[in-house]
Amino acid sequence: MKTENRGNFSSKIGVILATVGTAVGLGNVWRFPYIVGENGGGAFLVIYILSLLLLGIPGVIAEFIVGRHSHANAVDSFKKLAPKTKWHWIGYSGVLAGFLIMGYYAVVVGWTLEYLTQAILGNLSGMSVEQYGQVFDQFAGHPYWPLVWMVIVMLISTFVVARGVSGGIEKISNVLMPVFFLIILVMVANSFFLPAAGQGMKYLFLPNFSELEPVAILIAIGQTFFSLSLGMGCLITYSSYFKKDVSLAKTATQVVSIDAMVAILSAMIIFPAVFSFGMQPTEGPSLVFKVLPNVFQQMPLGTLWSILFYALLFIAAITSLISLLEVVTAYIYENTSLTRRKAAFIVTGMVSVLGVFASMSFGLLQDVTLFGKTFFDLLDFVTASILLPVGGFFISIFVGWFLDKRIIATELRIKHPKAHLFIKGYIYMLRFFVPACIFAVFLYSLLG
Ligand code: PFF
């Protein structure tokens, strides 16, 4: 096991931006708005925020404790903290999840780059609603263009990961995340001037609990995991690069708050726009690729808004893809004699093979299904609905029941006269509440 020269995030702002970089991704800008749209708006938002507070923050802190205390990747962290046990299988499941998520995530990141390019070339305007739908279907089902983009985004990620923690991941996050926040604020400001701004905001912020179905609670919990990159050791890997003076509870709270804020801001961009041009937010996963280009073309300065929006989506997505690549690369790099660069290249090669099949789910292989799902959907289901919740369940049990309480106290370092009560309460949450909720999601995913 290579342990020397693992690298660190060099500054506290670097820690926040890199961790926000993994959390904020397609989950916030693409998945969250359409899930809110499908689940009745404001009431769903309330449930989601409760889930972030009650499961998200404790879960993020648990991964931070494991990562920072062990200073190791997703697998070796458990080997160090619980030698000669089987706990490190949680890590293997995480590395596998990272690999499988990349297989379809990279395809979608590729789509965002295609849409960004087309927006810049001015090709995303002047079509009818149906034509936008056809353009997406034709592109996504094309035998090689989506693959070319997928390989490009994987190579960009490889380049960053190969440069290491502070020279690659931290540096790119420090540049891209501020650009991301600038774009999102400009776009939200524009939203307020749209004709149906009020209707959009009401839909998002005015809860109507009579429209909420019980299953929405479970969907909200699943979204919490995906959006916070929880349950697969990604946050273990990132926090293994935190220095001792980083406050874990504070960082977790900040990252979860920013992640929630970005999801809400993305919905604040999308709903007013969709309502203003007579569309519905219940369109599902294709909302941002089929519906939004048509919405943008009807706005004044439409080309500018579509360039900004797809740039936003691309930045969110590429920083998360980098973190997925880092989880698998760190494990391979630290357990072989390979360099970081070679390890990242090998992972990229393997992911590209997986991506070919995921991408072909929209073309040649669209009729080939397993358990009623295409290969693309299967990757999403196996990871988001099974591997992440199961990983989160066991990490919570590991920290709550197995890990020495003194390690938890040392890592949390809360300076408060009642610190022991806080820690006790936290451990109770990890022991009972968090696993019980995850168990419910898991059962639903399998039975639903
Ligand atoms: N959190 C990312 C998003 O919201 O798009 C997705 C993700 C990244 C999940 C990294 C898991 C992970 F390890």
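FYI, side chains are in, hydrogens and waters are out, and symmetry mates aren't considered; it's all heavy atoms of this structure. For ligands, and for the atoms within them, numbers begin at 1 and follow the listed sequence. Because the structure is a prediction, the values reported are computed rather than measured.
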For [X], take its heavy atoms, then give the atoms of ligand 1 lying under 4.0 Å from any of them.
X      : value
Ser323 : 10 (C)
Cys234 : 13 (F)
Met232 : 11 (C), 12 (C), 13 (F)
Thr22  : 1 (N), 2 (C), 8 (C), 10 (C)
Asn28  : 4 (O)

For this session: Have a look at Glu334 and tell me which of Arg6, Arg340, Lys80 forms a salt bridge (Lys or Arg N to Asp or Glu O under 4.0 Å) with it.
Result: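 Among Arg6, Arg340, Lys80, the one that satisfies the salt bridge (Lys or Arg N to Asp or Glu O under 4.0 Å) with Glu334 is Arg6.
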Exercise. Got Tyr333 and Asn73 here, is their nearest side-chain heavy-atom distance under 4.5 Å?
Worked result: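 Of all side-chain heavy-atom pairs linking Asn73 with Tyr333, none is under 4.5 Å.
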For this session: Would you indicate whether the side-chain heavy atoms of Leu312 and Phe180 approach each other to under 4.5 Å?
Result: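 Result yes, sub-4.5 Å side-chain heavy-atom pair found.
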[atom]: the protein heavy-atom neighbour that sits closest, reported with distance to 0.1 Å:
atom                   : result
atom 9 (C) of ligand 1 : Phe226 O, 3.6 Å
atom 4 (O) of ligand 1 : Ala23 O, 3.0 Å
atom 8 (C) of ligand 1 : Ser229 OG, 3.4 Å

For the backbone of [Y] and the side chain of [X], can you confirm whether one donor and one acceptor N or O come within less than 3.5 Å of each other?
X      : Y      : result
Ser240 : Thr237 : yes
Tyr238 : Glu326 : no
Tyr104 : Asp377 : no

Exercise. Of all the heavy atoms in Tyr105, does at least one lie under 4.0 Å from an atom in ligand 1?
Worked result: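 It does; at least one heavy atom falls under 4.0 Å.
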Exercise. Is Gly98 in contact with ligand 1, taking contact as a heavy-atom separation below 4.0 Å?
Worked result: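 False for this residue.
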Quick one: does [X] get an N or O within less than 3.5 Å of an N or O on ligand 1?
X      : value
Ser227 : yes
Val24  : no
Gly27  : yes

Problem set entry | Residue Arg431 excluded, over 12 heavy atoms near CZ under 6.0 Å |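 Counting other residues, nucleotides and ligands, CZ of Arg431 exceeds 12 neighbours.
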For this session: Inspect the surroundings of NZ in Lys244 and state if more than 12 heavy atoms from other residues, nucleotides or ligands are less than 6.0 Å away.
Result: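 Atom NZ in Lys244 is packed in, count exceeds 12.
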For this session: Classify the angle between the aromatic ring planes of Trp145 and His142 as parallel (below 30°), tilted (30 to 60°) or perpendicular (above 60°).
Result: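 Taking His142 first and then Trp145, their aromatic rings sit tilted (interplane angle of 30° to 60°).
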